[in-house]
Amino acid sequence: MKVFLTGASSGIGAALAAFYASQGATLGLFARREAELRRIAASLASASVATYAGDVRDAPALAVAARDFIARFGTPDAVIASAGISHGTLTAQAEDLPVFQAVFDTNVLGMVATFQPFVGPMQAARSGTLAGIASIAGFRGLPGAGAYSASKAAAIAYLESLRIELHGSGVAVVTVCPGFIATPMTVANPYRMPFLMQPDVAARKIAGAIARRRRFYVLPWQMAWVGRLMKLTPRPLYDRALANRPHKPRRDRSDDR
């Protein structure tokens, strides 16, 4: 199996790299932090690994990496857009405007840029899966996390559009919505995180959903019920319930997912 994934230097991305390496997959790993990326790749000595240092906001860099991977190994069986950043944001704060842009550029446009170079080759092969890591945070707006919630809602809608566009092409699109995963992105959250899952467990479950070509997958399963409840809660009740919820810290703690 051949897998290309972004956000590979930590969190879910690194856990996915380790899982697929354990299955003997050929890997293309893309992430911002070159030293950490090389460390991850070195730990996967049993796997065939190509590393690409870059930011998913740099579409030309992703295109170069995609061409190199395809030239060396062929069209991948799965492309996983796992790179993401999370910041606490407040619209009232003018200094948060560039943070909003960075979050959207990374979490939404970065996903588009990740998939774009692979769509044509996958269509030609009439096979493959494009998997995007969204979040249960995209189901409803969360106070103090406007950028993150909105970006994940946009990612969910984008992935659905892409799935319909590719219907009948042989290329599957999988939307993955994790709940709370124990990664650098969640470590400083100042609120209770129910059903917190370890990255290696999440990676195994996500890989299973990708293998089954699940259209929409929420993990852990308990969060699927939480998500349904969030969607069904009337707006006045939802507003009152979350009005005093602690906010995600606004200090810089961006990272590959």
Asks: Answer yes or no: is there a donor N or O on one side and an acceptor on the other, between the side chain of Lys231 and the main chain of Arg140, under 3.5 Å?
Replies: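 No, the answer is negative, given that no donor and acceptor are paired below the 3.5 Å cut-off.
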
Asks: Please find the pair of heavy atoms, one from Leu229 and one from Thr233, that lie closest to each other, and give the distance.
Replies: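 Closest heavy-atom pair between Leu229 and Thr233: O-OG1, 2.6 Å.
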
Asks: Could you tell me whether the side chain of Tyr238 and the main chain of Gly141 form a donor-acceptor pair under 3.5 Å?
Replies: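 Checking the backbone N and O of Gly141 against the side chain of Tyr238, a donor-acceptor pair under 3.5 Å is found.
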
Asks: Say you draw a straight line from CG of Leu44 to OG of Ser22; how long is it, rounded to the nearest 0.5 Å?
Replies: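 Reported value, rounded in 0.5 Å steps: 9.5 Å.
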
Asks: Is it true that Tyr148 and Leu90 fall in one hydrophobic cluster, defined by side-chain heavy atoms closer than 4.5 Å?
Replies: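 Each belongs to a different hydrophobic cluster.
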
Asks: For the pair Val226 and Met230, evaluate side-chain contact (heavy atoms from CB on, under 4.5 Å) and give the outcome as yes or no after the intermediate values.
Replies: CA-CA 6 Å; Val226 173; Met230 288 171 66; 4.1 Å; yes

Asks: For residues Ile40 and Ser9, report the shortest heavy-atom separation together with the two atoms involved.
Replies: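 Residues Ile40 and Ser9, closest heavy atoms: CG1-O, 4.1 Å.
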
Asks: Scan for ring-ring contact (aromatic ring centres under 6.0 Å, His included) pairs involving residues 61-86, sequence neighbours excluded, and state none if there are none.
Replies: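 Non-adjacent pairs meeting ring-ring contact (aromatic ring centres under 6.0 Å, His included): Phe4-Phe69, Phe69-Phe73.
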
Asks: Determine, step by step, whether Tyr52 and Leu37 satisfy the side-chain contact (heavy atoms from CB on, under 4.5 Å) criterion, reporting the C-alpha distance in whole Å, the side-chain angles of both residues, the deciding distance to 0.1 Å, and the verdict.
Replies: CA-CA 8 Å; Tyr52 306 96; Leu37 185 60; 5.5 Å; no

Asks: I'd like to know if the side chain of Thr6 reaches the main chain of Ala83, judged simply by a donor and an acceptor atom lying under 3.5 Å from each other, with no hydrogens or angles considered.
Replies: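 Answer holds: yes.
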
Asks: Taking only residues two or more places apart in sequence, or in another chain, which ones meet Gln93 in a side chain to side chain donor-acceptor pair (under 3.5 Å)?
Replies: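 For Gln93 there are no side chain to side chain donor-acceptor pair (under 3.5 Å) partners, ignoring immediate neighbours.
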
Asks: Quick check: does any side chain N or O of Thr106 sit under 3.5 Å from a backbone N or O of Ile85, one acting as donor and the other as acceptor?
Replies: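 Not confirmed, Thr106 side chain does not pair with Ile85 backbone.
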
Asks: Rounded to the nearest 0.5 Å, what separation is found between the CD atom of Gln116 and the CG atom of Leu130?
Replies: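 Going from the CD atom of Gln116 to the CG atom of Leu130 covers 11.0 Å.
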
Asks: Only counting residues at least two apart or in another chain, list the ones meeting side chain to side chain donor-acceptor pair (under 3.5 Å) with Gln123.
Replies: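 With sequence neighbours excluded, Gln123 shows a side chain to side chain donor-acceptor pair (under 3.5 Å) to no residue whatsoever.
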
Asks: Sequence neighbours left out, cut at 3.5 Å: what donor-acceptor pairs do the side chains of residues 53-65 make with other protein atoms?
Replies:
{"residue": "Asp55", "atom": "OD1", "partner": "Arg57", "partner atom": "N", "Å": "2.8"}
{"residue": "Asp55", "atom": "OD1", "partner": "Arg57", "partner atom": "NE", "Å": "3.2"}
{"residue": "Asp55", "atom": "OD2", "partner": "Arg57", "partner atom": "NE", "Å": "3.4"}
{"residue": "Asp55", "atom": "OD2", "partner": "Arg57", "partner atom": "NH2", "Å": "3.0"}
{"residue": "Asp58", "atom": "OD1", "partner": "Ala61", "partner atom": "N", "Å": "3.2"}

Asks: Grab the two heavy atoms, one from Met197 and one from Pro220, that are nearest each other, plus how far apart they are.
Replies: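 Scanning both residues completely, I find the closest heavy atoms to be CE-CB, 3.3 Å.
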
Asks: Over all heavy atoms of both residues, which pair between Ala134 and Ile156 is shortest? Give the atoms and the distance, please.
Replies: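 Smallest heavy-atom distance, with atoms named: CB-CG1, 3.6 Å.
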
Asks: What pairs of residues pass the salt bridge (charged side-chain N to carboxylate O under 4.0 Å, His left out) test when at least one of them lies in residues 94-108, not counting sequence neighbours?
Replies: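 Passing the test, one end in residues 94-108: Glu95-Arg250, Asp96-Arg250.
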
Asks: Answer yes or no: are there more than 12 heavy-atom neighbours, outside Arg213 itself, under 6.0 Å from its atom CZ?
Replies: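 Above 12, so yes.
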
Asks: Once salt bridge (Lys or Arg N to Asp or Glu O under 4.0 Å) is applied, do any residues pair with Arg214, and if so which ones, sequence neighbours excluded?
Replies: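 Testing Arg214 for salt bridge (Lys or Arg N to Asp or Glu O under 4.0 Å), a comparison that skips the adjacent residues, returns none.
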
Asks: Hey, any chance Leu16 and Met1 share a hydrophobic cluster, counting ILVMFWY side chains that come within less than 4.5 Å of each other, even indirectly?
Replies: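 In one cluster: yes.
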
Asks: Pair up each side-chain donor or acceptor in residues 199-208 with any protein partner under 3.5 Å, not counting sequence neighbours, and list the distances.
Replies:
none

Asks: As an exercise, state the distance from CD1 of Ile133 to CG of Leu5, rounded to the nearest 0.5 Å.
Replies: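 If I round to the nearest 0.5 Å, the distance is 9.5 Å.
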
Asks: What's the separation between atom OG1 in Thr114 and atom CD1 in Ile80, rounded to the nearest 0.5 Å?
Replies: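 Here the interatomic distance stands at 11.0 Å.
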
Asks: Let me check something: any side-chain donor-acceptor pairs from residues 158-182 under 3.5 Å, sequence neighbours excluded? List them with distances.
Replies:
{"residue": "Glu160", "atom": "OE2", "partner": "Arg163", "partner atom": "NH2", "Å": "3.3"}
{"residue": "Ser161", "atom": "OG", "partner": "Ala157", "partner atom": "O", "Å": "3.2"}
{"residue": "Ser169", "atom": "OG", "partner": "Leu166", "partner atom": "O", "Å": "2.6"}
{"residue": "Ser169", "atom": "OG", "partner": "Val171", "partner atom": "N", "Å": "3.1"}

Asks: Arg38: what forms a salt bridge (Lys or Arg N to Asp or Glu O under 4.0 Å) with it, not counting sequence neighbours?
Replies: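 Once residues adjacent in sequence are excluded, the partners of Arg38 under the salt bridge (Lys or Arg N to Asp or Glu O under 4.0 Å) criterion are Glu34.
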
Asks: List the atom of Ala31, the atom of Ala8, and the distance in Å for their closest heavy-atom pair.
Replies: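 Closest approach of Ala31 to Ala8: CB-N, 3.7 Å.
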
Asks: List for me each residue that meets side chain to side chain donor-acceptor pair (under 3.5 Å) alongside Arg39, sequence neighbours excluded, and say none if there are none.
Replies: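 Checked Arg39 against side chain to side chain donor-acceptor pair (under 3.5 Å); matches are Glu36.
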
Asks: With a 4.5 Å heavy-atom cut-off, do Pro76 and Ile70 have their side chains touching?
Replies: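 Pro76 vs Ile70: side chains touch.
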
Asks: Under a single-linkage rule joining Ile, Leu, Val, Met, Phe, Trp and Tyr whose side-chain heavy atoms are separated by less than 4.5 Å, which residues share a cluster with Trp225?
Replies: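 Once heavy-atom contacts under 4.5 Å are chained together, Trp225 belongs with Trp221.
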
Asks: Could you walk me through whether Ile210 and Tyr217 pass the side-chain contact (heavy atoms from CB on, under 4.5 Å) check?
Replies: CA-CA 9 Å; Ile210 292 171; Tyr217 179 63; over 6 Å; no

Asks: Phe115 and Val112: same hydrophobic cluster, using ILVMFWY side-chain contacts below 4.5 Å?
Replies: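 Yes, it is one cluster - the side chains of Phe115 and Val112 are joined through contacts under 4.5 Å.
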
Asks: Might you point out which heavy atoms bring Ala155 and Asn107 nearest each other, and give the distance in Å?
Replies: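 Looking at all heavy atoms of both residues, the shortest contact is CB-O, 4.2 Å.
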
Asks: Just jot down the side chain to side chain donor-acceptor pair (under 3.5 Å) partners of Arg72, sequence neighbours excluded, or say none.
Replies: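 By the side chain to side chain donor-acceptor pair (under 3.5 Å) rule, Arg72 matches Asp68.
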
Asks: Quick check on the hydrophobic clustering: are Val119 and Met122 connected, directly or via other members, by side-chain heavy-atom contacts under 4.5 Å?
Replies: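 The answer is yes; both residues are in one hydrophobic cluster.
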
Asks: Could you go through Lys2 and Thr75, starting from their C-alpha distance and side-chain angles, then the distance that decides it, and tell me whether this counts as side-chain contact (heavy atoms from CB on, under 4.5 Å)?
Replies: CA-CA 8 Å; Lys2 300 182 291 290; Thr75 302; 5.6 Å; no

Asks: In terms of hydrophobic clusters joined by side-chain contacts under 4.5 Å, are Val103 and Val108 together?
Replies: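 They do not share one cluster, since no chain of ILVMFWY contacts under 4.5 Å joins Val103 to Val108.
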
